[in-house]
Trainee: 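My structure is below; once you've seen it, I'll send some questions.
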Amino acid sequence: DYNSPLDALVRGERIFQNCKCNKVLVVDDNPFNLNSLKIVLSKFGVAIDQATNGQECIDQVRQRHKKCAICEGTYKIIFMDLEMPVINGLEATLLLRGLEKENKIGKQKIVACTAHAFKKELEKCLEIGMD
């Protein structure tokens with residue numbers, strides 16, 4: 001199989017081939033970070049949706065879930081900043097995982113996108129359900 005969520009994204013999966021939805025959601029309150037990820041992902045031919053805080057992320061995932069029957073409203077991957085206004089990345093991830101358990105949205109791959117490189121932060125991200 002694939003080595004990482006990004007490998008799966010770049011190679012694509014059959015279920016998503018006929019879907020016109022963007023496959024990636026980037027959530028970050030820093031315009032530089034948003035633009036940087038957009039540039040990198042565009043080199044792989046990947047169009048993104050973006051949000052600037054955790055609440056916008058949750059709203060977009062809920063809206064998408066109602067919109068597309070092909071991809072069942074799931075993003076292939078969500079790049080989530082940890083420190084944002086309104087709802088931070090950790091809280092947003094917990095809320096998304098709760099919605100998944102209630103079958104209100106499909107399973108999302110969520111990857112922390114942060115400057116925090118400490119083992120303690122990594123463990124916290126994994127503990128709350130980030131991939």
Trainee: For Ile128, what residues pass the side chain to side chain contact (heavy atoms under 4.5 Å, CB included) criterion, not counting sequence neighbours?
Mentor: Leu90, Thr93, Leu94, Met130
Trainee: Applying salt bridge (charged side-chain N to carboxylate O under 4.0 Å, His left out), can you list everything that pairs with Glu102, at least two apart in sequence or on another chain?
Mentor: Lys104
Trainee: Other residues, nucleotides and ligands only: do more than 12 of their heavy atoms fall within 6.0 Å of NZ on Lys101?
Mentor: no
Trainee: My understanding is that only one of Val24, Val26, Val111, Leu96 makes a side chain to side chain contact (heavy atoms under 4.5 Å, CB included) with Ile78; could you say which?
Mentor: Leu96
Trainee: Can you check whether Ile87 reaches Leu95 side chain to side chain, under 4.5 Å on heavy atoms?
Mentor: yes
Trainee: Looking at NZ of Lys124 and CD of Glu121, how far apart are the two atoms once the value is rounded to the nearest 0.5 Å?
Mentor: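 With rounding to 0.5 Å, NZ (Lys124) is 5.0 Å from CD (Glu121).
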Trainee: Quick one: side chains of residues 34-42, donor-acceptor pairs under 3.5 Å with protein atoms, not counting sequence neighbours, listed by atom name and distance.
Mentor:
from  : atom 1 : to    : atom 2 : distance (Å)
Ser36 : OG     : Phe32 : O      : 2.8
Ser42 : OG     : Lys38 : O      : 3.4
Ser42 : OG     : Ile39 : O      : 2.7

Trainee: Any chance you could lay out the side chain to side chain contact (heavy atoms under 4.5 Å, CB included) test for Asp49 and Leu25, step after step, and finish with the verdict?
Mentor: CA-CA 5 Å; Asp49 290 336; Leu25 176 61; 3.8 Å; yes
Trainee: In the single-linkage hydrophobic clustering (I, L, V, M, F, W, Y; side-chain heavy atoms under 4.5 Å), do Val86 and Leu82 co-cluster?
Mentor: yes
Trainee: Please report the interatomic distance CG(Asp29) to CG(Asn88), rounded to the nearest 0.5 Å.
Mentor: 10.5 Å
Trainee: For the residue pair Ala92 and Gly54, what are the closest heavy atoms and their distance?
Mentor: CB-CA, 3.7 Å
Trainee: Check step by step if side chain to side chain contact (heavy atoms under 4.5 Å, CB included) holds for Ile58 and Leu99.
Mentor: CA-CA 9 Å; Ile58 292 163; Leu99 291 170; 4.2 Å; yes
Trainee: Can you name the side chain to side chain contact (heavy atoms under 4.5 Å, CB included) partners of Glu56, sequence neighbours left out?
Mentor: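 Side chain to side chain contact (heavy atoms under 4.5 Å, CB included) check on Glu56 returns Ala51, Thr52, Asn53.
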Trainee: Hydrophobic cluster membership, with links at side-chain heavy-atom distances under 4.5 Å among I/L/V/M/F/W/Y: are Phe44 and Phe79 in one?
Mentor: yes
Trainee: Looking only at non-hydrogen atoms, find the nearest pair between Tyr75 and Gln108 and report the distance.
Mentor: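 For Tyr75 and Gln108, the tightest heavy-atom pair comes out as N-OE1, 2.9 Å.
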Trainee: With sequence neighbours left out, write down each residue that passes side chain to side chain donor-acceptor pair (under 3.5 Å) with Asp59, or none if nothing qualifies.
Mentor: Gln55
Trainee: Any salt bridge (charged side-chain N to carboxylate O under 4.0 Å, His left out) involving residues 82-99? Give me the pairs, sequence neighbours left out, ordered by first then second residue.
Mentor: Arg97-Glu100, Arg97-Asp131
